[in-house]
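The next block holds one structure in the form of structure tokens; read it before the comments.
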There are 2 protein chains.
Amino acid sequence: MDVKTLCLAVLSKGQATGYEIKKAFEEGPFSHFQTASFGAIYPALARLTAEGMVTVTVQAQDGKPDKKIYELTAQGRNAFLATLDIQPAPNQIRSDLLFLLFFAEHLPPTRILTLIDARVAAYTAMISQMDDLNAQGNCDPGHQFVRGFGRSVYQAAADYLATHRDTLVAQVSEQHHEAAE
Amino acid sequence: MDVKTLCLAVLSKGQATGYEIKKAFEEGPFSHFQTASFGAIYPALARLTAEGMVTVTVQAQDGKPDKKIYELTAQGRNAFLATLDIQPAPNQIRSDLLFLLFFAEHLPPTRILTLIDARVAAYTAMISQMDDLNAQGNCDPGHQFVRGFGRSVYQAAADYLATHRDTLVAQVSEQHHEAAE
DNA sequence: GGTTGCATGTAAATGGTTACATGATTGT
DNA sequence: ACAATCATGTAACCATTTACATGCAACC
């Protein structure tokens, strides 16, 4: 999933500027399962334009730079639909938190608790953010399915962290105790 | 979390070769939440050696290339412990499957089912793999916590997919129906 | 007066994947 | 015969992040 494909995907839902595409990954429908930065989006959009996948409409603005509204061409739409034929790679998860907790024995108990509590709060916030998106009503079955999936997984993650944090700390403390003897 | 840090982390659990480090990400304790390829591991190990973070013991073998057993130095151990002070970045998730299902309306119902069923099977396999690892007994609290976390999350993911797959297909079919009218 | 949001873009640096190269042994 | 496991390594290529550059308006 490169940024070019991701841009096509966002544009398949309607015209957008580079700025708006970024937002789709941050707050919008694509948030939580894909990302892209400006430094990747703008060049991607330029290449897509050169390749005839999208068209640009420049809209002058005062103060701000011209707004460039991108829109899929027929060719772009086909290219996008073609990407839907890929075999999906297994989910890629990179978790710094899990990395740290894997080495919990080297962490002070207070830090363990702080780390876990912060993450639980983050999950909770993301869940309510998703609920807000859901309430704003987008009945697209795909969107709902994906959001529901995210919700379930986040909920499970938060629950696990909340219910096992004390056990972890207790075990780590105990181990330190043993080591001290 | 760059590969150099990841190598230090694996070596903190004991000496290992580049090949074994790779395995730690594939089947071993680090599987599922971090990855690294040979093309990244070997150069990383070379740099770590040059920096005095690790020492190498070459062990001749017949037929195969010499085995290079790496081991942390005191400096390497300190460097590793220092990395445990980072603020963990939020989990990064990149899901091709979710990307595809987001656009379920453009997918034939049979493909949706195949995709979902394959993923459910993959989750199930990973869960039993984790259970095997757990049965092999590593009582390290950090390891157990991380594995338990993974298990819960995978289980939730599999459950969600299994219980919502038919609804998704039904909604997509219905939509196609409406569109045809 | 500082931060956030809007809005685009470039360039250097980073970091990693993929493919290649080598080669014995063991299992199917 | 063919694939997989063991075992290391290089190099070309790819993509992306980060930092920089610019600048107005609105809000606190």
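Labels below follow one simple rule: chain letters A, B, ... track the order of the sequence lines, proteins then strands, and each chain is numbered from 1. Quick caveat, the model's predicted, so the values are computed rather than measured.
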| query | Quick one: do B/E26 and B/K22 make a salt bridge, cutoff under 4.0 Å? | reply | yes
| query | Does one hydrophobic cluster hold both A/F30 and A/L84, with members joined at side-chain heavy-atom distances below 4.5 Å? | reply | yes
| Residue met sooner reading DNA chain D from 5', once B/K23 and A/F38 are mapped to nucleotides | B/K23
| message | Considering every strand and a 4.0 Å limit on heavy-atom distances, what is the contact class for A/F25: base, sugar-phosphate, or nothing? | response | nothing
| Quick one: A/K22 NZ to C/dT4 C1', roughly how many Å, whole number? | 14 Å
| query | Does the side chain of A/K67 get closer than 4.0 angstrom to OP1 or OP2 of C/dA7 through an N or O atom? | reply | yes
| Separation of C/dA11 P from A/I41 CD1 (nearest whole Å) | 19 Å
| request: Would you mind telling me which of D/dT5, D/dT10, C/dC6 lies closest to the side-chain atoms of B/P43? | output: D/dT10
| message | For A/Y70, run the side chain to side chain contact (heavy atoms under 4.5 Å, CB included) check against A/V10, A/L45, A/T57, A/I21 and tell me which one passes. | response | A/L45
| query | Do the ring planes of B/F99 and B/F103 sit parallel (below 30°), tilted (30 to 60°) or perpendicular (above 60°)? | reply | perpendicular
| When you match B/A36 and A/G18 each to their closest nucleotide on DNA chain C, which lands nearer the 5' end? | A/G18
| 5'-most contact on DNA chain D: A/G39 or B/A40, nearest heavy atom basis? | B/A40
| query | How close or far is atom P of C/dT8 from atom CD1 of A/I21, stated in whole angstroms? | reply | 9 Å
| remark: In this structure, OG of A/S95 is separated from CE of B/M1 (nearest 0.5 Å) by 10.0 Å
| request: Grab the CD-C1' distance between A/E20 and C/dT8 for me, whole Å please. | output: 13 Å
| task | Starting from P on D/dT18, measure out to CG on B/D2 and report it in whole angstrom. | result | 13 Å
| said: For C/dA7 and A/T17 - does any side-chain N or O of the residue sit under 4.0 Å from the phosphate oxygens OP1/OP2? | reply: no
| query | Looking at B/S37, does any N or O in its side chain come under 4.0 Å of the phosphate oxygens OP1/OP2 on C/dT17? | reply | yes
| Given C/dT8, D/dT5, C/dT17, which nucleotide is nearest the side-chain atoms of A/Y19? | C/dT8
| request: For the side chain of B/Y42, starting at C-beta, report the closest nucleotide among D/dT17, C/dT18, D/dT10. | output: D/dT10
| B/E26 CD to D/dA4 C1': how many Å, rounded? | 13 Å
| said: Rounding to an integer number of Å, can you tell me how far B/R47 CZ sits from C/dG16 C1'? | reply: 10 Å
